[in-house]
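Note on naming: letters A, B, ... go to the chains in the order of the sequence lines (proteins, then strands), and numbering restarts at 1 for each one.
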Amino acid sequence: MDMARHLITSAIPYINGIKHLGNLVGSQLPSDLFARYMRARGHEVMFICATDEHGTPAELAAAKAGKPVEDYCREMHETQAEIARGFRLSFDHFGRSSSDRNTVLTQYFARVLGEQGLIEEKSEKLFYSVDDGRFLPDRYIEGTCPNCGYEKARGDQCENCTKQLDPTDLINPRSAVSGSTNLELRETKHLFLRQKTLREDIRTWIKSKADWPVLTTSIALKWLDDGDGLQDRGITRDLYWGVPAQFEGAPWTGMEGKVFYVWFDAPIEYIGATAEWADANGLDDSAWQRWWRTDKGAEDVTYTEFMGKDNVPFHTLSFPATLIGVNRAGGEQWKMVDYIKSFNYLNYDGGQFSTSQGRGVFMDQALSILPADYWRWWLLSHAPESSDSEFTWENFQTSVNKDLADVLGNFVSRITKFCRSKFGEALPEGGSWGEREDALIAELSTRLAAYESFMEAKEVRKAATELRAIWVAGNEYLQSVGPWTVFKTDPAQAAAQTRLALNLMRLYAILSEPFIPDAAGLILAALKTEDRSWPTDIRAALTHLPAGHAFETPEVLFRKIADEEREEWQKRFSGVRS
RNA sequence: GGCUAGGUAGCUCAGCUGGUUAGAGCACGUGACUCAUAAUCACGGGGUCGGGGGUUCGAGUCCCCCCCUCGCCA
């Protein structure tokens with residue numbers, strides 16, 4: 001296979017807390033699977049993620065924690081990075097949208113868009129808190145819901161009756177910051193991205209992506225055409241925490257004290273984080289520009305984005321609008337996404353996961369119960385691709401026990417222990433292959449090709465199914481040849497079978513690494529081999545380790561989840577996170 | 001209310017541009033094996049493909065109507 005260059009981004013998680021398993025399976029985990037696979041195939045990969053740090057919820061979360069927002073974000077970023085390492089997410093860089101790199105890039109994009117006439121200044125009346133000395137956008141304002149009478153409704157939505165609100169609808173509005181009711185409506189100016197004028201460009205671009213998942217294109221086209229069609233979007237807010245909207249060289253004035261809306265600067269952080277990666281590695285700008293600038297070497301890059309369906313509008317409309325607008329200026333040319341893989345939601349035991357309500361299993365809790373591989377396998381093999389899917393503890397227990405412990409783990413266990421007891425801890429010598437081995441090689445060759453094509457296509461569940469079938473083939477082989485019986489009459493033949501099975505174990509480690517990297521590492525360590533090269537020929541791969549090669553019988557790879565444990569977890573996570 | 005996606009064996013899901021007796025995993029039953037984490041392997045039972053019309057030689061697969069679930073928007 002030819003060497004290719006793959007830029008891969010995961011939707012960037014918001015900073016206001018630890019994410020739950022639904023967030024993980026929607027973007028970070030499948031993007032990691034893809035990145036690991038592409039690396040294993042020998043391609044050059046740039047895998048980027050970051051924390052999305054700006055905006056109202058971050059300020060509120062910091063205030064609740066009693067910390068300056070800068071400190072809060074720095075600490076939470078480190079927390080999220082640590083958990084990402086725990087899940088073995090193999091980002092080349094895990095950046096921060098509050099970085100200097102992102103600030104510079106965001107202001108640059110805004111300036112070019114402004115110079116292109118794609119940004120409009122508009123005035124509107126918003127609540128201003130005299131006591132707080134600031135405007136109160138979005139959720140900074142609370143009051144009584146005009147619909148249901150709930151007294152703590154927020155400016156954008158009532159949490160009680162879920163009705164969407166405009167801040168001016170609220171009865172007895174007050175500041176969420178100070179509780180002050182000393183509010184007045186004041187005229188304030190904001191910048192709007194003139195997406196309407198880019199509508200046809202965006203439509204043409206989306207229509208050209210015939211291979212995208214319907215989930216992606218249907219959401220995009222709906223926003224493009226629904227109602228009055230794509231609307232111009234306000235890209236500034238009256239906030240402290242964000243990228244300043246007034247800066248040197250800006251083609252507008254009077255935006256002091258305002259920042260760019262989080263959804264304007266967040267996707268730009270994909271680029272920012274790649275620049276941060278270059279900085280962190282002591283490389284110059286050309287190192288990251290060759291991934292993003294089609295006028296500087298990125299023309300042969302394949303760019304794939306992963307995200308949950310709630311993020312699709314921003315990645316199919318807003319961010320592309322920004323790039324199309326900037327590229328239209330004719331100067332610097334930026335790489336646009338080639339493929340958007342989107343996911344539905346993962347539900348939790350009959351309801352939804354909820355960060356704000358603390359419902360479900362959160363990433364840190366998951367790792368405190370079981371190692372990453374267990375979660376990775378279950379989540380990826382049940383990824384919500386065609387529709388929403390559901391996490392239940394029973395399903396988790398049976399899947400993990402059956403697939404990982406019984407099928408893969410036990411295969412490793414039975415062959416290593418058999419070899420140790422009959423031949424010692426080295427690949428035994430003698431014997432030859434026959435029809436049964438040819439049949440196994442034929443089956444594995446077919447299945448490997450299918451596995452590869454599912455991985456290329458980002459068909460996560462199908463790839464998992466195929467991988468499992470490959471594991472099963474090993475057990476079938478052992479069962480049909482029965483080296484423990486053959487050994488009694490023909491030890492040399494049993495040795496050939498055992499040697500093949502131990503090589504098969506190595507093959508499994510390589511193929512399984514994108515899904516379960518820790519187990520893959522343990523298997524290779526047990527086999528005392530470093531060679532992870534992807535198999536191009538099954539027959540050759542099954543003779544890779546020669547007779548005489550020493551190994552160590554590994555510990556149990558995957559322990560089983562007992563019924564009592566499952567019941568205990570079920571109970572522990574049934575309520576609300578404390 | 002508008003729109004998206006779904007509704008296929010007890011459970012979780014595959015079924016591409018319509019074509020032989022509708023598939024897989026789990027669960028269940030029977031058998032084989034005993035190397036192995038009471039693991040593995042084989043065989044089997046089980047579905048009027050949400051409901052009703054229609055197009056067609058032929059529909060889970062296309063068209064229309066209705067019901068239900070989920071989500072987005074209003």
Side-chain angles (χ1 to χ4, degrees), chain A residues 22 26 147 157 162-166 210-211 213-231 308-314 342-347 350-352 378 381-423 436 450 453-454 457 459-469 471-488 494 497-498 501-502 505 553-562:
Chain A
N147 190 48
Q157 185 183 32
T162 73
K163 186 172 174 60
Q164 306 274 320
L165 300 172
D166 189 273
D211 61 331
V214 284
L215 182 64
T216 303
T217 47
S218 65
I219 292 173
L221 292 174
K222 179 198 176 330
W223 279 68
L224 209 52
D225 296 323
D226 194 48
D228 297 328
L230 185 63
Q231 296 300 300
K309 59 184 171 185
D310 51 325
N311 276 335
V312 169
F314 303 102
S342 53
F343 289 86
N344 286 286
Y345 293 140
L346 178 68
N347 291 319
Q352 291 185 6
W378 189 89
S381 63
H382 293 78
E385 293 183 300
S386 56
S387 63
D388 291 355
S389 64
E390 178 159 317
F391 176 92
T392 63
W393 287 101
E394 288 87 351
N395 189 303
F396 178 67
Q397 180 192 20
T398 47
S399 284
V400 164
N401 285 354
K402 198 72 194 170
D403 300 347
L404 296 181
D406 295 348
V407 176
L408 176 62
N410 185 53
F411 174 80
V412 168
S413 186
R414 68 194 296 201
I415 191 57
T416 50
K417 286 177 181 167
F418 174 75
C419 185
R420 180 175 62 182
S421 72
K422 304 297 186 210
F423 302 104
R436 192 58 193 79
S453 70
F454 287 139
E459 293 268 18
V460 177
R461 296 176 85 127
K462 289 179 180 175
T465 300
E466 201 61 40
L467 180 58
R468 186 189 191 281
W471 296 340
V472 168
N475 283 312
E476 275 175 33
Y477 171 74
L478 280 187
Q479 206 64 35
S480 68
V481 296
W484 46 88
T485 305
V486 174
F487 183 79
K488 295 170 187 165
Q497 294 161 352
T498 302
L502 286 164
M505 185 174 135
T553 302
E555 296 297 308
V556 165
L557 275 186
F558 297 101
R559 69 176 189 82
K560 294 227 225 187
I561 298 169

Could you check whether any side-chain heavy atom of [X] comes within less than 4.5 Å of a side-chain heavy atom of [Y], counting everything from C-beta outward?
X: A:V400; Y: A:K560; result: no
X: A:F391; Y: A:F396; result: yes
X: A:F343; Y: A:V460; result: yes

Nearest atoms (heavy-atom pairs only) where A:Q497 meets A:G482: OE1-C, 4.4 Å
For [X] and [Y], indicate whether the former's side chain and the latter's backbone hold a donor-acceptor pair under 3.5 Å.
X: A:Q397; Y: A:I561; value: yes
X: A:E385; Y: A:R461; value: yes
X: A:D403; Y: A:R468; value: no
X: A:S413; Y: A:G409; value: no

Nucleotide-resolved protein contact map, nucleotides 33-41 of chain B, B/S/- at heavy-atom distance under 4.0 Å: SSBBB-SBS
What is the distance, rounded to the nearest whole Å, between atom [atom1] of [X] and atom [atom2] of [N]?
X: A:E385; N: B:U4; atom1: CD; atom2: C1'; value: 18 Å
X: A:W378; N: B:C13; atom1: CH2; atom2: C1'; value: 12 Å
X: A:L467; N: B:A24; atom1: CG; atom2: P; value: 20 Å
X: A:E459; N: B:C16; atom1: CD; atom2: P; value: 12 Å
X: A:N311; N: B:C72; atom1: CG; atom2: P; value: 13 Å
X: A:L346; N: B:C13; atom1: CG; atom2: P; value: 10 Å
X: A:D403; N: B:G25; atom1: CG; atom2: C1'; value: 8 Å
X: A:N344; N: B:G71; atom1: CG; atom2: C1'; value: 8 Å

Dot-bracket notation for RNA chain B, counting Watson-Crick and G-U pairs under 3.5 Å, with | for partners on another strand: (((.(((..((((.....[...)))).(((((.......))))).....(((((..]....)))))))).))).
A:K309 NZ/CZ over A:Y345 ring centroid, <6.0 Å and within 45° of normal: yes
